[in-house]
Peer 1: 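Provided herewith is a single structure, encoded as structure tokens, for subsequent inquiry.
Counting begins at 1 with the first residue of the sequence.
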Amino acid sequence: MTQRVQRSLEAVPPPPSRFTLNEWYLNNRQCYRQAEDQQHLAERILAECDRTRDEADEIVLRNKQEVEHQLEVKLADVEFRKKQLELQKKDLEVEVEALKTFRARIEDAQRALSKNAHSICTKCIVLREGRLGIDLCHDDVERELLKEREVIEGAQSLLDRTLEQVNEQLRRLRALIYTLVRDLDGKAEVIAIDKHNRGLKETSLNLSLYHGNTPLDPGTVTDEEWAMYTQQNIDRAAKELVSGRPIRSYIDQLLKQAIEDLWKQYHLVNDAFRRRIEEYKEAKAKLENQHFETVRQSNEMVREITRLEKAIADKEGFMALAHTRLGNRAQRRGVELCRDEVEIKLINEVEDIREAVTKLQQMLAEAQASLRYLLKTQVQLEEDINIKTNSLKIDEVDCMTLRLGMDYHAY
């Protein structure tokens, strides 16, 4: 019961305060003044809001127009540089194809020199080692052939070094083309991005606000560095083109000079072959004439030996007759065995016959010795003729036929 009374007492509010009439007037005036102040403040705020909104709209519009202008400028700059890069890339590709053609010419020349000229020249040198006897000498043909091999090997060495230079130039051009391609890819990507940005409006769909923490301007390369990078690529391409073109002119001159030197030496070797072949033919003809004359003299000497032997045999009858007569007259007796004219003639006849036979025998020995020398000379001449025939076959048939396959054309 006591708690209920206490709760009832607590719920009853205290009586309101009483104010004087002056306080009431003062309070009204204060409320009017506060309302007027708030109204003036609101008017200023409204005016400031209008100004701020107009200023913000102007700034945003101006910035948007400036950005779009810069986009146009940037696109024009990038497209101009992209066009320059494409022109340089095209020139580099043309230069690469031209150098590849020149490299193919050098490789053709190398194959021709290695498999044709050098092989034929070496075969000729080896074939001429098959000469026999005195013909195996260091003649003009051998000297010119060895010189020709040196000229061919010198041309091969020069072509090898030139091919290395061409391959190095091709490597540098291809590396530069790769750099330009990467730069062009970057430019194409930038053009696509900026063209897309240029077409965007504040009312476009798919616009989004970024709420991440990473800055939206991650670029660290300045515009000057960007322009310098592209310009350096263009300058490098132009420099490579300028430095590469003389290589083609050098290759042209090199191939022309090498072919001239090779043809010159080729004709010198052929001229030496022709002179040597004429010498072989002349020597062979003289040897054949000598052989014919030697055979003729040998036959004549054989007949002469037969005649000498017959003459010696014939003298034996005369000697026997004289000896018989002397023997018969030695049977005379007494004073009849005198040294008369017949005796003297018979004795002289025997001496004369003996002297004649001695001379005939001497001549027979000389004739037989001469026949032996003639036969030996005949055999030697036949060997020399065979040597010349072998040398002629090697030089005129084998080597000159091989050399018909040598061809130095404009590679």
Peer 1: To the closest 0.5 Å, what do you measure between CZ (R372) and CG (L374)?
Peer 2: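 Reported value, rounded in 0.5 Å steps: 11.0 Å.
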Peer 1: Look at the side chain of R103 and the backbone N and O of V166, then say whether any donor-acceptor pair between them is shorter than 3.5 Å.
Peer 2: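 No, the answer is negative, given that no donor and acceptor are paired below the 3.5 Å cut-off.
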Peer 1: So, T162 side chain and L158 main chain: donor-acceptor pair closer than 3.5 Å or not?
Peer 2: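 Between the backbone of L158 and the side chain of T162 there is a qualifying donor-acceptor contact (under 3.5 Å).
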Peer 1: Quick one: OG1 on T358 to CE on M363, what's the gap to the nearest 0.5 Å?
Peer 2: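 The OG1 atom of T358 sits 13.5 Å away from the CE atom of M363.
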Peer 1: Salt bridge check: are E144 and K147 linked by an N-O gap of less than 4.0 Å?
Peer 2: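 Salt bridge: no.
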Peer 1: I'd like to know if D77 pairs up with K74 as an ion pair, taking the criterion as any Lys NZ or Arg NE/NH1/NH2 lying under 4.0 Å from an Asp or Glu carboxylate oxygen.
Peer 2: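 No, this pair does not count.
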Peer 1: Between the side chains of D261 and Q265, does any donor sit under 3.5 Å from an acceptor?
Peer 2: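 No.
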Peer 1: Where the side chain of N328 meets the backbone of T324, is there a donor-acceptor pair that is under 3.5 Å apart?
Peer 2: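 Indeed, once roles are kept as given, a pair shorter than 3.5 Å links the two residues.
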Peer 1: Looking at E282 and K286, does any basic side-chain N land under 4.0 Å from a carboxylate oxygen?
Peer 2: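 K286 and E282: salt-bridged.
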Peer 1: Measure the spacing between CD1 of I247 and CG of L254 and express it to the nearest 0.5 Å.
Peer 2: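 The CD1 atom of I247 sits 12.0 Å away from the CG atom of L254.
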Peer 1: Check whether T179 reaches the backbone of A175 with its side chain - one donor and one acceptor, N or O, closer than 3.5 Å.
Peer 2: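 Between the backbone of A175 and the side chain of T179 there is a qualifying donor-acceptor contact (under 3.5 Å).
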Peer 1: Go through Q70 and E66 one step at a time and tell me if the side chain to side chain donor-acceptor pair (under 3.5 Å) criterion holds.
Peer 2: CA-CA 6 Å; Q70 292 300 325; E66 181 66 23; 3.0 Å; yes
Peer 1: Charged N to carboxylate O below 4.0 Å: is that the case for D252 and R248?
Peer 2: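 No salt bridge links D252 with R248.
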Peer 1: Distance under 6.0 Å and angle within 45° of the ring axis: does R276 meet both against F273?
Peer 2: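 Because its charged atom misses either the 6.0 Å distance or the 45° angle limit, R276 does not stack over F273.
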Peer 1: Using distance alone, with no hydrogens and no angle criterion, decide if Q231 and D235 have a side-chain donor and acceptor under 3.5 Å apart.
Peer 2: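 Yes - a donor-acceptor pair under 3.5 Å links their side chains.
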Peer 1: Show the numbers, then the answer: is there a side-chain contact (heavy atoms from CB on, under 4.5 Å) between E107 and Q110?
Peer 2: CA-CA 5 Å; E107 290 171 346; Q110 285 180 319; 4.2 Å; yes
Peer 1: Hey, are E278 and R274 close enough for a salt bridge, meaning a charged N less than 4.0 Å from a carboxylate O?
Peer 2: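 Looking at E278 and R274, the cut-off is not met.
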Peer 1: Working to the nearest 0.5 angstrom, can you tell me the gap between I344 CD1 and E349 CD?
Peer 2: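 I344 CD1 to E349 CD: 14.0 Å, rounded to 0.5 Å.
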Peer 1: Does L159 form a side-chain contact (heavy atoms from CB on, under 4.5 Å) with L163? I'd like the steps, not just the answer.
Peer 2: CA-CA 6 Å; L159 289 174; L163 183 60; over 6 Å; no
Peer 1: Flag the pair E300 and R303 as a salt bridge only when some basic side-chain nitrogen lies within less than 4.0 angstrom of an acidic carboxylate oxygen.
Peer 2: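 Salt bridge: yes.
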Peer 1: Is it true that a side-chain atom of N299 and a backbone atom of V295 form a donor plus acceptor pair closer than 3.5 Å?
Peer 2: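 Yes; judged by distance alone, with no hydrogens or angles, the pair exists.
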Peer 1: Between E382 and H291, do the side chains contain an N or O donor and an N or O acceptor separated by less than 3.5 Å?
Peer 2: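 Yes, because at least one side-chain N or O of E382 sits under 3.5 Å from a partner of the opposite role on H291.
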Peer 1: State whether E240 and R236 are salt-bridged, where the test is any N-O pair (Lys NZ or Arg NE/NH1/NH2 against Asp/Glu carboxylate O) under 4.0 Å.
Peer 2: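 Salt bridge between E240 and R236, a charged N being under 4.0 Å from a carboxylate O: no.
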Peer 1: Looking at R354 and E351, is any side-chain nitrogen of the basic one under 4.0 Å from a carboxylate oxygen of the acidic one?
Peer 2: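 Between R354 and E351 there is a salt bridge, with a charged N closer than 4.0 Å to a carboxylate O.
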Peer 1: Donor-acceptor pair, distance only, cut-off 3.5 Å: does the side chain of D139 make one with the backbone of A272?
Peer 2: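 Absent.
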Peer 1: Examine the side chains of S157 and R161 and answer whether a donor and an acceptor come within less than 3.5 Å of each other.
Peer 2: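 Yes, R161 and S157 have a side-chain donor paired with an acceptor closer than 3.5 Å.
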Peer 1: Ion pair present between E97 and K100, side-chain N to carboxylate O less than 4.0 angstrom?
Peer 2: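 Salt bridge between E97 and K100, a charged N being under 4.0 Å from a carboxylate O: yes.
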Peer 1: Can you tell me how far the CD atom of E355 sits from the CD1 atom of I353, to the nearest 0.5 Å?
Peer 2: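 The CD atom of E355 sits 11.5 Å away from the CD1 atom of I353.
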Peer 1: With a 4.0 Å cut-off, would you call E142 and R131 a salt bridge?
Peer 2: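 Salt bridge between E142 and R131, a charged N being under 4.0 Å from a carboxylate O: yes.
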Peer 1: Which atom pair, heavy atoms only, marks the closest approach of G133 to I387?
Peer 2: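 Taking every non-hydrogen atom into account, CA-CD1, 4.2 Å.
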Peer 1: Between atom OG1 of T122 and atom CG of L402, what is the distance when rounded to the nearest 0.5 Å?
Peer 2: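 So the gap between those two atoms works out to 11.0 Å.
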Peer 1: Is E341 paired with K345 through a side-chain N to carboxylate O contact shorter than 4.0 Å?
Peer 2: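 Answer for the salt bridge query: no.
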Peer 1: So, the side chain of R332 versus the backbone of R329: is there a donor-acceptor pair under 3.5 Å, distance only?
Peer 2: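 Answer holds: yes.
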Peer 1: Does the pair Q380 and K376 meet the rule for a side-chain contact (heavy atoms from CB on, under 4.5 Å), with working shown?
Peer 2: CA-CA 6 Å; Q380 184 62 47; K376 183 178 179 181; 5.7 Å; no
Peer 1: Using 4.0 Å as the upper bound for N to carboxylate O, is an ion pair formed by D384 and K388?
Peer 2: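 Salt bridge between K388 and D384, a charged N being under 4.0 Å from a carboxylate O: no.
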Peer 1: Quick check against the 3.5 Å criterion: does T389 have a side-chain atom that pairs as donor or acceptor with the backbone of I385?
Peer 2: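 Answer holds: yes.
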Peer 1: Taking 4.0 angstrom as the limit, do R105 and D108 come out as a salt bridge?
Peer 2: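 No, no charged N to carboxylate O under 4.0 Å.
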Peer 1: Does one side chain, of K187 or T230, offer a donor that lies under 3.5 Å from an acceptor on the other?
Peer 2: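 Yes, side-chain donor-acceptor contact under 3.5 Å.
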Peer 1: Please tabulate, for side-chain N and O atoms in residues 31-49, each donor-acceptor pair with protein atoms closer than 3.5 Å (sequence neighbours left out).
Peer 2:
residue, atom, partner, partner atom, Å
E48, OE1, R51, NE, 3.4
E48, OE2, R51, NE, 3.4
E48, OE2, R51, NH2, 2.2

Peer 1: What about the rings of W263 and Y266, do their centers lie closer together than 6.0 Å?
Peer 2: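 Under 6.0 Å, so yes.
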